[in-house]
4 protein chains.
Amino acid sequence: MAETAARGRPRSETARRAVLDAALRLCQRDGYQALTIKGIAHAAGVGRQTVYRWWPTKEAVLLEALRDLVHRQGARLAPDTGDTLADVRTLLDTTFRLARELTGHALVGLMAQAQHDGQLSARLQGTVIGPRRAALRDVLARGVRRGELSDEEVPLDLAADFAFGTMWYRLISQHAPVDDDLAARLSLALWRLLSPGGPHQAERCAAP
Amino acid sequence: MAETAARGRPRSETARRAVLDAALRLCQRDGYQALTIKGIAHAAGVGRQTVYRWWPTKEAVLLEALRDLVHRQGARLAPDTGDTLADVRTLLDTTFRLARELTGHALVGLMAQAQHDGQLSARLQGTVIGPRRAALRDVLARGVRRGELSDEEVPLDLAADFAFGTMWYRLISQHAPVDDDLAARLSLALWRLLSPGGPHQAERCAAP
Amino acid sequence: MAETAARGRPRSETARRAVLDAALRLCQRDGYQALTIKGIAHAAGVGRQTVYRWWPTKEAVLLEALRDLVHRQGARLAPDTGDTLADVRTLLDTTFRLARELTGHALVGLMAQAQHDGQLSARLQGTVIGPRRAALRDVLARGVRRGELSDEEVPLDLAADFAFGTMWYRLISQHAPVDDDLAARLSLALWRLLSPGGPHQAERCAAP
Amino acid sequence: MAETAARGRPRSETARRAVLDAALRLCQRDGYQALTIKGIAHAAGVGRQTVYRWWPTKEAVLLEALRDLVHRQGARLAPDTGDTLADVRTLLDTTFRLARELTGHALVGLMAQAQHDGQLSARLQGTVIGPRRAALRDVLARGVRRGELSDEEVPLDLAADFAFGTMWYRLISQHAPVDDDLAARLSLALWRLLSPGGPHQAERCAAP
DNA sequence: GCGTAACCGAGACGGTACGTCACGTCTTACT
DNA sequence: AGTAAGACGTGACGTACCGTCTCGGTTACGC
């Protein structure tokens, strides 16, 4: 259970942070394709070898930066306040905020790269895609258990596709923003879509 | 004001097709990032300069290949058979088939590149994203005009986001296929979402 | 017997000369160890790949530069004027001049590298070491045939070792110059060493 | 005025020997150019910093290893047995043995490096080149004083160049070994070359 | 029917980022 | 204070592709 005997000069946390920050900054400024290990190292004021020592590719750097952002947001993904609609909206809000922090560029670039990189794909799934998806499913499933929602007409998975799909579509196509208003509209649309008898009950939140 | 007098050897259509085909094939096989002008030229059995003469970047090559595919599909985007639900499903079917032909890889790669390339972004919008989106809106708007659907609860734009967003989400994340079944389920879900009084009427197609 | 159909852009003789010249110049200025492909390319105003395209290592560059120098000197190695002593002296003169042109640095560096590189060693032997050695042997052998010299006491090979060994020793150790005076003294010493009856006859050239 | 008070852990003689031995071994195995401080430290089982603490460059390591070898041979360079020819041969024998111990590679590599490193050049002169040269001159000068040899025709310096030059030439070019037989032949050739009246007297050792 | 102009293939050119290696320095814990 | 370990910033290595250029050779007009 003991740790490996720490020998030699310890890793510089300063360098690690500088690299991750520089990677996000450059990806935001110049785009994913223009992102370069050489450029990251230079912008971070760090030797090129220091980047290669800890990350095999620029994808790995971005992935770790992404992971850091996720962790910093904390685990408040499925709050369970008892109000299903509010919970859905909170979850979408935090997810959209994360996407905006990365300007989407990093996220879209990573996903494009993951098309042909199974390992990267799996890590992205495990880090962000999967957990968010599971969290939304949990919140909706709670609504079903309470009898507020029904998964008979539209399966919950498809409902989750609607929510996150809309986010990704807008990130990619940029025809509309991914903001709090979208979170509100999406929450209501999901509520209507999954209402048991029909979407009339969704009015309950519009009518005081 | 006539055309410029055509002088010299005319452009080789053979070379053009070979380049476009090779680009799609390589992008499918190795991924967008691994795609290379040199590689395209070699695979097409064509001189490198011949590619550069007609296309400035690999994005331009893919875009033209994409445009060819779209044109080959013909303009049967918004059929207007009188059956709104069937029209929606047909539109989604053809769109999904196009996406599958490109394996998504090319599409996702292009979109990633377009994040920081306004011109490419505009061309993609004009070629595929926009027309499909407009076509779906038209079909839905016809339903609204017929009184079958209502855009009061959920705006048609958001409904379009749902449909294409789900497609993109699955292309990117690959957690589920983009097939005919999805087109069917999506059509029904949109119908239910946009039903005027509520989603009960959607049952009309389930009931024989 | 036909040549390979020369296709594509032909090799630039300008670049070739620039590389060879820069290599010699830099080796002279900074020494063999400090010589760098990158440095050569930069000094020659040439892309790095252009060097790698034609020469695998910096040794190959220097070797070709050396070969050029040798060819430029022409084949007047074993002149056979009838005067053995003069011929020896001429041969040593041209050889010493070649060594001085390379400042010895390139030559010594190449030989050091050849210690563990059989191929380089063979090429050096074939290009400079071997031919000069053979030429000196021929000149001396002519002297023996004329009866002016004898190889009974001291074999001609050892005499050649004396001459070229002295040159190398001085190049390496730099305790004395490798100049025309050395060529003169060496010629006389060889004459004396190989004189048939004894070295008295060598005086014939000192006496008018 | 005594020594500085030795404080802290004393230098490890084990590490020093390990470094010197490893340097010679690696230089012999892989050649001078491939010799690396990192490699030496690893082969010696020693920290890299330990090498840098005591030697500034790999040349310094080799030079000290060389110095150790010379000291181990002892100072029996100019034995003065009364027999000049035997003394010359003994001196050449011990010198050739030293060169063989280093396989020449280290020696040639060091000399190549010394072409542009005045300090290294000076140290090499002082450690090996100079002393051997002086010793040979002394032995020959004794022969001149005894009347056995003459420096009128051929100066003793040039004679020394012949002997050591031949050794270096063969070390570098490897066209012939540097062995005891060469020492014997060289001694006789020098005797003949420096014989006062002529080389006939040299026969005295061939005739029993 | 023959020049001429633009195409085609090939491939060398000057660049730049790649990922690796060794450099020489530094910062640890241990002896 | 010396030692083994190993991370640090630096820079050359040899490779791949970039986008441009320069060849010889190939069409299809227009005089």
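This one's a predicted model, so the numbers in the text were calculated from it and none came from an experiment. Protein chains get the first letters and strands the later ones, always in sequence-line order, with residue 1 at the start of each.
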Asker: Between Pro56(B) and Glu13(A), which residue's closest nucleotide on DNA chain F lies nearer the 5′ terminus?
Answerer: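 In this pair, the answer is Glu13(A).
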Asker: Taking NZ from Lys38(D) and C1' from dC21(E), how many angstroms apart are they, rounded to a whole number?
Answerer: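 Spelled out: NZ on Lys38(D) to C1' on dC21(E) is 7 Å.
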Asker: Inspect the surroundings of CZ in Arg16(D) and state if more than 12 heavy atoms from other residues, nucleotides or ligands are less than 6.0 Å away.
Answerer: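 Yes, CZ of Arg16(D) has more than 12 neighbouring heavy atoms, counting only those of other groups under 6.0 Å.
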Asker: For atom CD of Glu13(A), decide whether the heavy atoms of other residues, nucleotides or ligands shown that lie under 6.0 angstrom number more than 12.
Answerer: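 More than 12 within 6.0 Å, yes.
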Asker: Step by step, work out the side chain to side chain contact (heavy atoms under 4.5 Å, CB included) result for Glu64(A) and Trp54(A).
Answerer: CA-CA 11 Å; Glu64(A) 182 162 337; Trp54(A) 302 108; over 6 Å; no
Asker: Give me the residues of residues 15-37 of chain A where at least one heavy atom lies under 4.0 Å from an atom of DNA chain F, by number, or none.
Answerer: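 Result for residues 15-37 of chain A: none.
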Asker: For DNA chain F, whose closest nucleotide is more 5', that of Pro10(A) or that of Pro10(B)?
Answerer: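 The residue whose closest nucleotide sits nearer the 5' end is Pro10(A).
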Asker: Only pairs at least two apart or in different chains count here, so list each side chain to side chain donor-acceptor pair (under 3.5 Å) that has a residue in residues 21-37 of chain C.
Answerer: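 Non-adjacent pairs meeting side chain to side chain donor-acceptor pair (under 3.5 Å): Arg17(C)-Asp21(C), Gln28(C)-Thr103(C), Tyr32(C)-Glu59(C), Gln33(C)-Gln113(D).
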Asker: Closer than 3.5 angstrom, by distance alone: can the side chain of Lys58(A) be matched with the main-chain N or O of Leu35(A) as a donor-acceptor pair?
Answerer: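 Side chain of Lys58(A) to backbone of Leu35(A): a pair is present.
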Asker: Just wondering, do Trp55(A) and Val19(A) contact through their side chains at under 4.5 Å, heavy atoms?
Answerer: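 The answer is yes, as the side chains (C-beta and beyond) meet within the 4.5 Å cut-off.
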Asker: Ignoring hydrogens and angles, tell me if any N or O in the side chain of Ser121(A) forms a donor-acceptor pair with the backbone of Asp117(A) under 3.5 Å.
Answerer: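 Between the backbone of Asp117(A) and the side chain of Ser121(A) there is no qualifying donor-acceptor contact (under 3.5 Å).
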Asker: I want to check something: taking the side chain as every heavy atom from C-beta on, are Leu107(B) and Leu62(B) in contact at a cut-off of under 4.5 Å?
Answerer: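 No, too far: nothing below the 4.5 Å cut-off.
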Asker: Grab the CD-C1' distance between Glu59(A) and dC18(E) for me, whole Å please.
Answerer: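 My rounded result for the distance is 13 Å.
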Asker: Please tell me which of Thr57(D) and Ser12(B) maps to the more 5' nucleotide of DNA chain E, matching each residue to the nucleotide holding its nearest heavy atom.
Answerer: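 Upstream on the strand: Ser12(B).
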Asker: Which residues in residues 39-55 of chain B have a heavy atom closer than 4.0 Å to any atom of DNA chain F?
Answerer: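 The answer is Arg48(B), Gln49(B), Tyr52(B).
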Asker: Could you check whether the side chain of Arg9(A) and the base of dC26(E) have a donor-acceptor pair of N or O atoms closer than 3.5 Å, going by distance alone?
Answerer: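 Side chain to base: pair present.
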Asker: Would you say the side chain of Arg11(B) and the base of dC7(E) hold a donor-acceptor pair, judged only by whether the two atoms sit under 3.5 Å apart?
Answerer: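 No.
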